[in-house]
Amino acid sequence: MKLDSRAVHAGREPRAGEPLPPPIVQASVYVYEDLDEYDAVASGRKPGHVYGRYSGENVAALEAAVAALEGSEGAMGAASGMSALFATVLACAPRPGPVVVAADAYGTTLSLLNQDLAGLGYQVREVDVLDLEAVGGQLKGAALMLCETISNPLCRVCDQEAIARLCRDGGVPLLVDNTFASPILCRPLELGATGVLHSVSKYIGGHSDLIAGLLAGPRDLVERARGVMTRTGGSLGPFEAWLALRGLRTLHLRMARHSENGLRLATGLAGLKGVAAVHHPLLPGSPSRAVASRLLPDGSGGMFAFDLEGGRPAVQAMLSRFRLVRFAASLAGVETTISYPEITSHRSLSAEQRLALGVTLGTVRVSAGLEHPDDLLEDFRQALAGPA
Ligand code: PLP
């Protein structure tokens with residue numbers, strides 16, 4: 001089946017007399033009459049569920065659907081992207097060892113490694129993932145490598161195919177956070193990754209109304225991660241899983257429009273007053289253009305950033321003039337939003353650290369939504385033009 005059909009159908013095959021959409025099974029526990037049957041289900045020999053922290057109908061349906069899109073043997077839903085990441089890192093590296101991570105990875109990913117895991121003895125090696133020679137150097141003796149398909153906020157795209165080859169040669173598991181691309185635009189397992197992580201709260205959910213996370217990968221990794229996740233209590237609830245699966249049913253349509261709107265807006269913004277630079281991986285001149293064109297042939301999603309002359313006052317002035325676009329700290333919903341990394345995603349970093357990542361006082365991140373691109377461009381145009 002093609003990806004679009006998988007998005008619509010995967011994870012559920014309703015039988016005669018059952019509702020077409022999945023019902024919400026809002027249960028923490030399931031009943032049994034036969035001890036042997038309970039034993040078989042609890043030990044995984046027979047399909048079914050016993051207790052909501054381990055599994056449930058709606059979570060299992062979401063897991064099956066994302067596994068079908070990512071092309072993985074299995075998947076593990078979790079209460080958040082961070083919960084999925086934490087369980088997966090411990091599953092890959094149960095004993096402290098060196099963890100190589102993209103220096104521009106999501107801020108809380110870096111905080112988890114640098115604050116919590118470093119305290120337990122893990123050594124964090126941050127690396128510029130666009131520099132393959134540097135990556136190769138850092139992989140020596142590493143327990144794990146972590147990178148992202150598209151970075152935040154400058155939307156740099158690393159050559160994860162080449163990184164996967166380096167990891168395979170060095171015997172290092174590679175985890176790819178595929179949140180910004182979604183499995184519609186990129187399937188890291190096909191490119192050689194060991195496991196794929198998602199903040200389902202973003203494009204898979206797609207409507208800014210849930211928090212969830214997920215790991216997709218080989219069955220043994222998924223089950224090891226599930227063990228950590230259930231022991232540390234990071235399980236996903238039925239309603240969030242149901243909402244996420246509902247969102248996933250239209251993921252292919254949304255990603256096409258997010259990508260189209262993102263590129264249209266980025267192209268249009270490049271010529272507007274006060275815009276010093278636009279960071280979109282598919283724009284001519286982007287340092288990621290060649291790799292992004294190869295790894296993301298169907299588009300790069302709705303995320304991009306731009307640098308506004310005039311810093312924070314100019315960003316505030318633009319914000320106060322928007323009619324359609326909203327300021328919000330998250331991304332990937334149906335509405336177009338902007339965020340200001342200085343005080344949102346990158347607020348825990350020092351000014352020097354932000355500058356080293358290319359985040360300036362004028363950097364604005366855009367999450368292009370699903371409105372008509374003409375309306376969006378007009379809103380940016382009037383907001384940047386200022387009072388007539
Ligand atoms: N990975 C990326 C790329 C993210 O942007 C985020 C959240 O913004 C996360 C992981 C963490 O996900 P969650 O907020 O669902 O825990």
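Counting convention: from 1, in listed order, for ligands and their atoms alike.
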Asks: Less than 4.0 angstrom from a charged side-chain N to a carboxylate O is my criterion; do R347 and E342 meet it?
Replies: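 The answer is no: the pair does not qualify as a salt bridge.
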Asks: Are T360 and T363 close enough that a side-chain donor and a side-chain acceptor fall under 3.5 Å?
Replies: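 T363 and T360 do have a side-chain donor-acceptor pair below 3.5 Å.
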Asks: Do the side chains of D220 and R224 get close enough for a salt bridge, i.e. N-O under 4.0 angstrom?
Replies: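 A salt bridge links D220 with R224.
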Asks: Once you restrict both partners to nitrogen or oxygen, which atoms of ligand 1 have a protein partner under 3.5 Å, and how far apart are they?
Replies:
{"unit_1": "ligand 1", "atom_1": "1 (N)", "unit_2": "D177", "atom_2": "OD2", "d": "2.6"}
{"unit_1": "ligand 1", "atom_1": "8 (O)", "unit_2": "K202", "atom_2": "NZ", "d": "2.7"}
{"unit_1": "ligand 1", "atom_1": "12 (O)", "unit_2": "S199", "atom_2": "OG", "d": "3.0"}
{"unit_1": "ligand 1", "atom_1": "15 (O)", "unit_2": "G81", "atom_2": "N", "d": "2.9"}
{"unit_1": "ligand 1", "atom_1": "15 (O)", "unit_2": "S199", "atom_2": "OG", "d": "2.8"}
{"unit_1": "ligand 1", "atom_1": "15 (O)", "unit_2": "S201", "atom_2": "OG", "d": "2.7"}
{"unit_1": "ligand 1", "atom_1": "16 (O)", "unit_2": "G81", "atom_2": "N", "d": "3.0"}
{"unit_1": "ligand 1", "atom_1": "16 (O)", "unit_2": "M82", "atom_2": "N", "d": "2.9"}

Asks: Taking only Lys NZ, Arg NE, NH1 and NH2, and the carboxylate oxygens of Asp or Glu, determine whether D374 and R264 approach each other closer than 4.0 Å.
Replies: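 Judged by the 4.0 Å cut-off on N to carboxylate O distance, D374 and R264 do form a salt bridge.
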Asks: Check whether any side-chain heavy atom of F306 lies under 4.5 Å from a side-chain heavy atom of L272, and answer yes or no.
Replies: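 No, every pair of side-chain atoms sits at 4.5 Å or beyond.
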Asks: Is it true that E378 and R323 make a salt bridge, defined as a side-chain N closer than 4.0 Å to a carboxylate O?
Replies: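 The answer is no: the pair does not qualify as a salt bridge.
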